[in-house]
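So the structure is just underneath, and the comments pick up after that.
Protein chains get the first letters and strands the later ones, always in sequence-line order, with residue 1 at the start of each.
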2 protein chains.
Amino acid sequence: MSQTVDRALSILPLLAQGPADLGQVADRLGVHKSTALRLLRTLHDHGLVYRQQDQRYRLGARLFALAQEAVENLDVREIAHPHLVTLNEQIGHTVHLAVYEESEVLYIDKVEGRYPVRMYSRIGKPVAITVAAVAKLLLADLPEHERRAIAEKLDYPMYTSRSTPNAAAFLKELAAVRDQGWATDLGGHEESINCIGAPIRGAAGRVVAAMSVSAPNVVVTAEELLTLLPLVRRTADAVSREYSGSVTPH
Amino acid sequence: MSQTVDRALSILPLLAQGPADLGQVADRLGVHKSTALRLLRTLHDHGLVYRQQDQRYRLGARLFALAQEAVENLDVREIAHPHLVTLNEQIGHTVHLAVYEESEVLYIDKVEGRYPVRMYSRIGKPVAITVAAVAKLLLADLPEHERRAIAEKLDYPMYTSRSTPNAAAFLKELAAVRDQGWATDLGGHEESINCIGAPIRGAAGRVVAAMSVSAPNVVVTAEELLTLLPLVRRTADAVSREYSGSVTPH
DNA sequence: GCGGGGCGTTGCACCATTTGCAACAGTCAT
DNA sequence: ATGACTGTTGCAAATGGTGCAACGCCCCGC
């Protein structure tokens, strides 16, 4: 592993917490000011870091552009998108697409519902991993030891009284999700919002993404939402078929 | 500037175009495979790069998380957000907030309108710089030489017949915007969508951000939209005052 | 107006780090 | 099996990064 690059990259999460001046960066990195300066300059040249008027550094614009381009080039997303739109038109609720990567689950696409629901989700934002339907679907498919390892090291914030309380409950839920092939989040994240989700599988049968439909229970009750499950699953399966076909098998 | 870091960072935009394997990365960087491998490994350790099942590399999840954290810590955004929400509630249309940085204008916040408009904008996405109201506001405030330099090197895509056609027209428009203190985009980006925008100024009077209201002309005509201008400007001014007050003058 | 402290910046000499090579290992196709 | 291809490792050479010390600058207090 390259030391120089390692140090340079360590600056990014540091600046993510807020702007910092040269001295602060050098201190936190444990290197000389001049070293920090050169690293920052290089980051700056690549647009990853921006220098504001008060000379302090903060993360730069190119970072967004990169994240943006990256998400738009994900092939699952590309294939799934039209299906999400169609589903959204059919049922009117907000539709999400998410993937798992390195112990995190994050939204990579979203189609807003026509009901005025303000869900706090955003593309690129890490998902509430212990409660979200998509997170359950993605984690349920991991090999057992990995699933267990992740479950153990997670926090279990009680967003509501129906949030998953601890690792044991979570693993049990994951097992159920794995068996039934779909997942729900009934008020586990936001008291008034329910979700149902289904997995998208690649050629090898592994879950590569998950999609979900979210609706506030002032519009549809949880039971009514569950009646949409077959439609959601059919959509997810359609995406799976298309995705499996288009990818060179490995 | 650090060569090692420079090379490592050059990998990111390269991967933004799509996944690539070790050999391709090494070739495009012009370095030996083993060198590329070590750089990729370092990037991987920091989560900026992800290795998919077929061994190819693509941009990683942490990139999104970083961009996300960064945008949430922008103080203009933090201050402006409640104002955007209020404005949105009053008029029902989509509200955007954007900043200028290193020759780019990008959205840093967005509140969706209640009308089913599907505008292709997203937080972190670079704005259509030659036509968007927010872009005009931000560029209009730059020192003259910088403004000219940017105008010259931009492309002027004709999204619609009313798009800004060339540098001369753009500079003229910027001068007008600068004088009047507000800006519009009347069908210059999407034929059926009009925007009006107003600048947010820091303590020194410089424009630090810009906000805009967008509405499809099937809902309100351009003239009707313009009647909302005073309200938009008042909101922007309120943000300006709050922002100026909270920032240590320089 | 003068002097001190803080911060960012530069040139330089040393040596740790990175580099490319060459050889190895694994996988797939012929 | 054999060959071609890709990813991986150990190593010796030297390039490129590092920390130091000195400088310039601005701001603040005396």
How close or far is atom [atom2] of [N] from atom [atom1] of [X], stated in whole angstroms?
X	N	atom1	atom2	result
Leu22(A)	dG8(C)	CG	P	5 Å
Asp6(B)	dG16(D)	CG	P	12 Å
Leu40(B)	dT19(C)	CG	P	12 Å
His32(A)	dA16(C)	NE2	P	18 Å
Leu37(B)	dC21(C)	CG	C1'	15 Å
Asp21(B)	dC5(D)	CG	C1'	11 Å
Leu39(A)	dG17(D)	CG	P	9 Å
Met1(A)	dT9(D)	CE	P	14 Å

Judged by each residue's nearest nucleotide on DNA chain C, which is more toward the 5′ side, Gly23(A) or Val5(A)?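 With Val5(A) and Gly23(A) compared, the 5'-side residue is Gly23(A).
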
Test side chain to side chain contact (heavy atoms under 4.5 Å, CB included) on Val127(A) and His96(A) and set out the steps. CA-CA 11 Å; Val127(A) 173; His96(A) 279 106; over 6 Å; no

I'd like a table of donor-acceptor pairs (distance under 3.5 Å, sequence neighbours excluded) in which one partner is a side-chain atom from residues 139-147 of chain B, with atom names and distances.
residue   : atom : partner   : partner atom : Å
Asp141(B) : OD2  : Arg206(B) : NE           : 2.9
Asp141(B) : OD2  : Val207(B) : N            : 2.9
Glu144(B) : OE2  : Arg148(B) : NE           : 3.3
Glu144(B) : OE2  : Arg148(B) : NH2          : 3.4
Arg147(B) : NE   : Leu142(B) : O            : 3.3

Side-chain N,O ([X]) to OP1/OP2 ([N]) below 4.0 Å:
X	N	value
Arg41(A)	dT10(C)	yes
Gln3(A)	dT17(C)	yes
Thr4(A)	dT17(C)	no
Arg38(B)	dT9(D)	no
Arg7(A)	dT18(D)	yes

Counting any heavy atom closer than 4.0 Å, what does Ser34(B) reach on the DNA or RNA strands: base, sugar-phosphate only, or nothing? base

Heavy atoms only, 4.0 Å cut-off, all strands: where does Arg56(A) land among base, sugar-phosphate and nothing? nothing

Closest approach of Leu154(A) to Phe170(A) (non-hydrogen atoms, all atoms of both residues):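 For Leu154(A) versus Phe170(A), the nearest heavy atoms are CD1-CE2, 3.8 Å.
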
Ignoring hydrogens, what is the shortest heavy-atom contact between Tyr50(A) and His44(A)? Give both atom names and the distance.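 That would be CA-ND1, 4.3 Å.
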
Contacts table for residues 7-18 of chain A: side-chain donor-acceptor under 3.5 angstrom, sequence neighbours left out:
residue  : atom : partner  : partner atom : Å
Ser10(A) : OG   : Asp6(A)  : O            : 2.7
Gln17(A) : OE1  : Arg28(A) : NH1          : 3.4

Ranking dG19(D), dG8(C), dG17(D) by distance to the side chain of Lys33(A), first place goes to dG8(C)

